[in-house]
Number of protein chains: 2
Amino acid sequence: MGDDHSAARPLRADARRNRDRVLQIAQEALASDGLTISFDEIARRAGFGVGTVYRHFPTKEALVEAVLLGRIERFVADARALATAEDAGRAFFGWFTTVVEQAAANQALCDMLDSGSGMALRPGSTLADDFAAALARLLARAQRVGAVRPDLQAQDVHDLLRGCLAAERRARARGGAVRMAEVICEGMRAKPTSPPPTF
Amino acid sequence: MGDDHSAARPLRADARRNRDRVLQIAQEALASDGLTISFDEIARRAGFGVGTVYRHFPTKEALVEAVLLGRIERFVADARALATAEDAGRAFFGWFTTVVEQAAANQALCDMLDSGSGMALRPGSTLADDFAAALARLLARAQRVGAVRPDLQAQDVHDLLRGCLAAERRARARGGAVRMAEVICEGMRAKPTSPPPTF
DNA sequence: ATAGAATCGGAGAGCTCTCTCCGTTTGTCC
DNA sequence: GGACAAACGGAGAGAGCTCTCCGATTCTAT
């Protein structure tokens, strides 16, 4: 009862080819134009009728997920791999920076993490929970060793990540040199000198 | 030649009343729902036919500007007032924080500063230039006294402001306690430990 | 009170977007 | 090569949005 989808019907050869092509064109289109690109436009760029694309992906959301979910899964996997790293602070900041660096290059990925657009990754999906859990674990370890401000909660970091993404994306659009992630990581860092600069 | 709009036709009493009501309802609707709210919906909430609202504001953009431009002008005015403050660092961080605090309470204002939506405040408008110039001046002074990282450019700060707004808005939506502006200001601060700049 | 101008209301034009339907074309298996 | 299922294409339904048009209504000056 698990996957009645894989072996049941091996897809005709042309269909498989076309599906792959749609996936690739959609990937490029979404990366450059973001989630707001229309389904019709993706079909047009791929050179198919819109009906054909709908045959493979029943909704726009399904297509977007087919293209992007893997990316986010990889972020989660990265976080899990770092969850036992020796230097917890380095692991946390490194992961945060990596996510920003990679996502900033993909408009649709930004839109999705940005969440503004309400598509997949909305709370309730397993992946959203996994993402949040992985982030929370990295954060907790980094805080335990005093690398990150103890008053930050996982949700705060999630929001900061989204904000950082928004900033980084804009900066890239104009060829900015400063890494936004660096600035924001600096802000999340626990202050090394306990007495605040009352001086 | 200045204002051929005020004395020419004093508007009929009912029209003036209705215009004011539209403005107020639009203000509330935009603050809570953001720039994506439809013109029809604003008219409906105000209790007018859509034609009536169009009579007063020829496009949706005009209505939005009538509601929001004043707010942004005030941010610019605040920045100018602080441009000669004694403590340049305090002036810069205080202004940044104030803008975030106030804008975060108004969805449409966020959308506009966020710029995602391409409405007013797009480059080219005088106000956008004024905003950028005021920010640049505060920043330059704060950097001169060593309060802010010297590698940050005005554009970077503008982008960080937008990112901070996005983060703060989400944090508020769930009642978060951490002030995002504080974290990000911390990140923009020049490191006290590093050698004093050029001196 | 009444004429005449100013204002209102909302149907609908015109556009875009998602998604469906079904006649036509193409691949596969014998 | 032929039969039949699978896949394709694109017109168009349906929903939402901005904005226009003009007959119906309301105000104001006399």
Side-chain angles (χ1 to χ4, degrees), chain A residues 4-26 29-30 33-68 107-108 111-112 116-120 122, chain B residues 4-26 29-30 33-67 108 111-112 116-120 122:
Chain A
D4 63 355
H5 175 59
S6 56
R9 295 169 229 137
L11 268 191
R12 230 167 66 178
D14 56 338
R16 165 130 218 90
R17 235 189 349 256
N18 292 345
R19 186 179 193 283
D20 289 349
R21 173 167 173 80
V22 167
L23 227 29
Q24 186 188 326
I25 300 292
L30 285 167
D33 291 55
L35 290 183
T36 59
I37 193 171
S38 80
F39 203 95
D40 286 39
E41 174 64 15
I42 291 174
R44 204 191 54 73
R45 289 196 197 175
F48 294 113
V50 60
T52 302
V53 182
Y54 272 103
R55 160 170 286 273
H56 291 299
F57 305 96
T59 64
K60 181 183 175 183
E61 189 170 358
L63 173 57
V64 168
E65 291 185 355
V67 168
L68 294 182
Q107 179 75 50
D111 292 347
M112 198 140 137
S117 308
M119 300 197 85
R122 54 177 166 274
Chain B
D4 62 355
H5 174 57
S6 56
R9 292 170 232 138
L11 267 190
R12 228 167 65 180
D14 57 337
R16 165 130 217 91
R17 232 185 357 249
N18 292 344
R19 186 178 194 281
D20 289 349
R21 173 167 174 80
V22 167
L23 227 29
Q24 186 191 326
I25 300 292
L30 284 167
D33 291 56
L35 290 183
T36 59
I37 192 171
S38 81
F39 204 95
D40 287 38
E41 173 65 14
I42 292 173
R44 202 190 56 71
R45 289 195 196 175
F48 294 112
V50 60
T52 301
V53 182
Y54 272 103
R55 158 170 286 272
H56 291 299
F57 305 96
T59 64
K60 181 183 175 182
E61 189 171 356
L63 173 57
V64 168
E65 290 186 354
V67 169
D111 292 347
M112 197 141 137
S117 309
M119 299 200 85
R122 55 177 166 274

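Throughout, protein chains are lettered first and strands after them, A, B, ... in sequence-line order, and every chain is numbered starting at 1. Quick caveat: nothing in here was measured; it's all calculated off a predicted structure.
For the pair B:Leu35 CG and D:dC17 C1', the interatomic distance rounds to 15 Å; values are reported in whole Å. When the P atom of C:dG27 is taken as reference, atom CZ of A:Arg19 falls 19 Å away, rounded to whole Å. Residue B:Phe57 contributes atom CZ, which lies 16 Å from atom P of D:dT20 at whole-angstrom precision. The CG-P distance, from A:Asp33 to C:dT16, rounds to 16 Å in whole Å. As a whole-Å value, the separation of A:Glu41 CD from D:dG10 P is 15 Å. Taking atom CZ of A:Arg16 as the reference point, atom C1' of C:dT28 lies 17 Å away to the nearest angstrom. The separation between A:Asp14 atom CG and C:dT24 atom P is 20 Å, rounded to whole Å. As rounded to whole Å, 7 Å separates atom C1' of C:dC17 from atom CG of A:Asp40.
Checked against D:dT28, D:dT20, C:dT18, the side chain of B:Arg12 finds its nearest nucleotide in D:dT28. Considering only the side chain of B:Ala13, D:dT28 comes nearest among D:dT28, D:dT18, C:dC19. Relative to the side chain of B:Leu11, the nucleotides C:dT7, D:dT28, D:dT18 differ in distance, and C:dT7 lies closest. Out of D:dT26, C:dT18, D:dC19, the shortest distance to the side chain of A:Phe39 is found at C:dT18. With C:dG27, D:dT18, D:dT20 as the choices, the nucleotide that has an atom nearest any side-chain atom of B:Val50 turns out to be D:dT20.
One distance of note links CG of A:Asp33 with CZ of A:Arg45; it measures 4.5 Å at 0.5 Å rounding. Put simply, CD1 on B:Ile25 and CG on B:Leu30 are 11.5 Å apart, with the number rounded to the nearest 0.5 Å. Here the NE2 atom belonging to B:His56 is positioned 7.0 Å from the CZ atom belonging to B:Phe48, to the nearest 0.5 angstrom.
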ring-ring contact (aromatic ring centres under 6.0 Å, His included) between B:Phe39 and B:Phe57, intermediate numbers included
CA-CA 10 Å; B:Phe39 204 95; B:Phe57 305 96; 8.0 Å; no
Residues A:Asp111, A:Gln107; criterion side chain to side chain donor-acceptor pair (under 3.5 Å); working and verdict
CA-CA 6 Å; A:Asp111 292 347; A:Gln107 179 75 50; 3.3 Å; yes
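The phosphate of D:dA7 (OP1 or OP2) has a side-chain N or O of A:Arg55 nearer than 4.0 angstrom. The shortest distance between the side-chain N/O atoms of A:Thr52 and the OP1/OP2 oxygens of D:dA7 is not below 4.0 Å. Between D:dC8 and A:His56, a contact under 4.0 Å exists linking OP1 or OP2 to a side-chain N or O. When the side-chain nitrogen and oxygen atoms of B:Asn18 are compared with OP1 and OP2 of C:dT7, none of them lie within a distance under 4.0 Å.
In terms of position along DNA chain C, the nucleotide closest to B:Phe48 lies nearer the 5' end than the nucleotide closest to the other residue of the pair B:Phe48 and A:Thr59. Between A:Gly49 and B:Ser38, the one whose closest nucleotide on DNA chain D sits nearer the 5' end is A:Gly49.
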